[in-house]
Amino acid sequence: MKVIIFILGIFLLVSCVNSDKILYHEYYETASDYDITRWNINDTVKNKCYIKETVDEKGRVKQLDFLLNGKYVSGLCYLANKVTYEYIGNKIIERLFINNEPMLGNDCEVSYKSIYHLDSEKYITKIERYSAYDSINLSRSELIKWKKWVPEYSVEGLNSEQLSINYYLYSYAKMNGLYPVSINYKISTEKNFGDQPEKKSIEIGISKYKKGN
């Protein structure tokens, strides 16, 4: 009897620890971006191009995998095919990958890591960007030039920029429904969504501020 209780206890502990939820969304690649066509699909066989979204126990997006036939899509160099999120205090840390490798600044002039700082009402106050480079295949002089073109470290939000989280628009869960932005943010500054569902999802996410998130 004690053995059964012990095993049941272990099972419940593992279940509590591994309480992530998986969502799937249909998307397609345009000439320059990803576009969501349907949220929360059930069939990942018929829908060969889909995003696998991992959501943590607090309803926050934890990872986005952009897949084609179950494998990471190989598209444009400046689009990540894997994105991870970490939540520490009032910070959201976003990391971008291509096939499990951090994105390099000298490939397509993108940062591999961004830290979003939130105030007490969860508005974004600033963003710290970090870039990495191919130090093996670049000469020292080339590396110096790239670090001028794509700084190793930069900060956004000091000059009243409108701020949002790069890949949150591809997430259905977002931050438990909230779409974090700067207090002066206007959705009209985002990309042209056309009839895609991302815009409505963002509008709902921003409305959470009015409801006290």
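Keep in mind that this is a model prediction, so the values were computed, not measured.
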K.L.:
Do Y179 and S171 come within less than 4.5 Å of each other through their side chains, counting heavy atoms only?
P.N.:
no
K.L.:
Rounded to the nearest 0.5 Å, what separation is found between the CD1 atom of I202 and the OG atom of S164?
P.N.:
7.5 Å
K.L.:
Should the pair R60 and Y87 be classed as cation-pi, given the thresholds of under 6.0 Å to the six-membered ring centre and 45° from the axis?
P.N.:
yes
K.L.:
So, do Y167 and L96 sit near enough that their side-chain heavy atoms are less than 4.5 Å apart?
P.N.:
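In short, these two side chains touch, coming nearer than 4.5 Å.
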K.L.:
What about Y50 and L169, same hydrophobic cluster or not, with Ile/Leu/Val/Met/Phe/Trp/Tyr joined at side-chain heavy-atom distances under 4.5 Å?
P.N.:
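Different clusters.
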K.L.:
Is there a side-chain contact between Y24 and D43, using heavy atoms and a 4.5 Å cut-off?
P.N.:
no
K.L.:
For S120, what residues pass the side chain to side chain contact (heavy atoms under 4.5 Å, CB included) criterion, not counting sequence neighbours?
P.N.:
none
K.L.:
Any side-chain heavy atom of Y27 sitting closer than 4.5 Å to one from V73?
P.N.:
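Yes. Closest side-chain heavy atoms under 4.5 Å.
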K.L.:
Only one of Y72, Y170, F97 forms a ring pair (Phe, Tyr, Trp, His ring centres under 6.0 Å) with F66, so which one is it?
P.N.:
Y170
K.L.:
Going hydrophobic residue to hydrophobic residue with side-chain gaps under 4.5 angstrom, can you get from I183 over to I92?
P.N.:
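The answer is yes; both residues are in one hydrophobic cluster.
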K.L.:
Can you see which heavy atom on I127 is nearest to which on S114, and at what distance?
P.N.:
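It is CG2-CB, 4.1 Å.
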K.L.:
Would you say the side-chain atoms of T84 pair up with the backbone N or O of Q63, donor to acceptor, closer than 3.5 Å?
P.N.:
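Side chain of T84 to backbone of Q63, a donor-acceptor pair under 3.5 Å: no, none is there.
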K.L.:
Backbone N or O of E121 within a donor-acceptor pair of the D119 side chain at under 3.5 Å?
P.N.:
yes
K.L.:
Looking at Q162, K126, R129, which hits side chain to side chain donor-acceptor pair (under 3.5 Å) with E156?
P.N.:
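Only match with E156 under side chain to side chain donor-acceptor pair (under 3.5 Å): R129.
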K.L.:
If you round to the nearest 0.5 Å, how far is CD1 of I98 from CG of L104?
P.N.:
9.5 Å
K.L.:
Please determine, by modelled atom types, if N176 and K58 share a side-chain donor-acceptor pair under 3.5 angstrom.
P.N.:
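Not at all, the side chains of N176 and K58 share no donor-acceptor pair under 3.5 Å.
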K.L.:
Given a cutoff of under 4.5 Å between side-chain heavy atoms of I, L, V, M, F, W and Y, with clusters grown through shared members, what are the other residues clustered with I115?
P.N.:
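ILVMFWY cluster around I115 also holds I88, I93, Y112, Y130, Y153, V155, L158.
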K.L.:
Side-chain contact, heavy-atom cut-off 4.5 Å: S201 with K174?
P.N.:
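They are in contact (side-chain heavy atoms under 4.5 Å apart), so the answer is yes.
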K.L.:
Taking side chain as C-beta onward, heavy atoms only, is N81 less than 4.5 Å from Y34?
P.N.:
yes
K.L.:
Using modelled atom types and a 3.5 Å cut-off, is there a donor and acceptor pairing between side-chain atoms of E53 and backbone atoms of V61?
P.N.:
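Side chain of E53 to backbone of V61: no pair is present.
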K.L.:
Side chains of Y85 and E94: any donor to acceptor distance under 3.5 Å?
P.N.:
yes
K.L.:
Can Y123 and Y185 be said to form a ring pair (Phe, Tyr, Trp, His ring centres under 6.0 Å), step by step?
P.N.:
CA-CA 10 Å; Y123 283 104; Y185 177 84; over 10 Å; no
K.L.:
Has the side chain of E161 got a donor or acceptor atom that lies under 3.5 Å from a matching backbone atom of N159?
P.N.:
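Indeed, once roles are kept as given, a pair shorter than 3.5 Å links the two residues.
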K.L.:
So which heavy atom on K62 is nearest to which on D20, and how close?
P.N.:
NZ-OD2, 2.9 Å
K.L.:
Roughly how far, to the nearest 0.5 Å, is NE2 of H117 from OG1 of T125?
P.N.:
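Output value for this atom pair is 7.0 Å.
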K.L.:
With a 4.5 Å heavy-atom cut-off, do Y116 and P180 have their side chains touching?
P.N.:
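Of all side-chain heavy-atom pairs linking P180 with Y116, none is under 4.5 Å.
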K.L.:
Can you tell which of I51, L23, T54 makes a side chain to side chain contact (heavy atoms under 4.5 Å, CB included) with L64?
P.N.:
I51
K.L.:
Can you tell me how far apart SG (C49) and CG (N69) are? Round to the nearest 0.5 Å.
P.N.:
8.5 Å
K.L.:
Under the side-chain contact (heavy atoms from CB on, under 4.5 Å) rule, what do V181 and K186 come out as? Steps first, then yes or no, please.
P.N.:
CA-CA 9 Å; V181 293; K186 295 179 181 178; over 6 Å; no
K.L.:
So if you build clusters from Ile, Leu, Val, Met, Phe, Trp, Tyr with side-chain heavy-atom gaps below 4.5 Å, do I187 and I204 land together?
P.N.:
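Shared cluster, no.
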K.L.:
When you measure from the side chain of N90 to the backbone N and O of L118, does any donor-acceptor pair fall under 3.5 Å?
P.N.:
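Confirmed, N90 side chain pairs with L118 backbone.
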K.L.:
Should we say atom NZ of K82 is surrounded by more than 12 heavy atoms from elsewhere, each under 6.0 Å from it?
P.N.:
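More than 12 within 6.0 Å, yes.
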K.L.:
Is the backbone N or O of G205 less than 3.5 Å from a side-chain atom of K208, with the two atoms forming a donor-acceptor pair by type?
P.N.:
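Pair absent, no side-chain N/O of K208 close to backbone of G205.
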K.L.:
Measure the NZ-CD distance between K113 and E86 for me, rounded to the nearest 0.5 Å.
P.N.:
9.0 Å
K.L.:
So if you build clusters from Ile, Leu, Val, Met, Phe, Trp, Tyr with side-chain heavy-atom gaps below 4.5 Å, do I41 and L68 land together?
P.N.:
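No; tracing contacts between hydrophobic side chains, which count when under 4.5 Å, never links both residues.
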K.L.:
Do L67 and Y172 belong to the same hydrophobic cluster, where Ile, Leu, Val, Met, Phe, Trp and Tyr are linked whenever their side-chain heavy atoms lie under 4.5 Å apart, directly or via other members?
P.N.:
no
K.L.:
Could you verify whether a donor N or O on one side chain and an acceptor N or O on the other, from K52 and T44, lie under 3.5 Å apart?
P.N.:
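No - no donor-acceptor pair under 3.5 Å links their side chains.
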K.L.:
With a 3.5 Å distance limit and no angle check, can you tell me whether H25 reaches the backbone of R38 through a side-chain donor-acceptor pair?
P.N.:
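Not confirmed, H25 side chain does not pair with R38 backbone.
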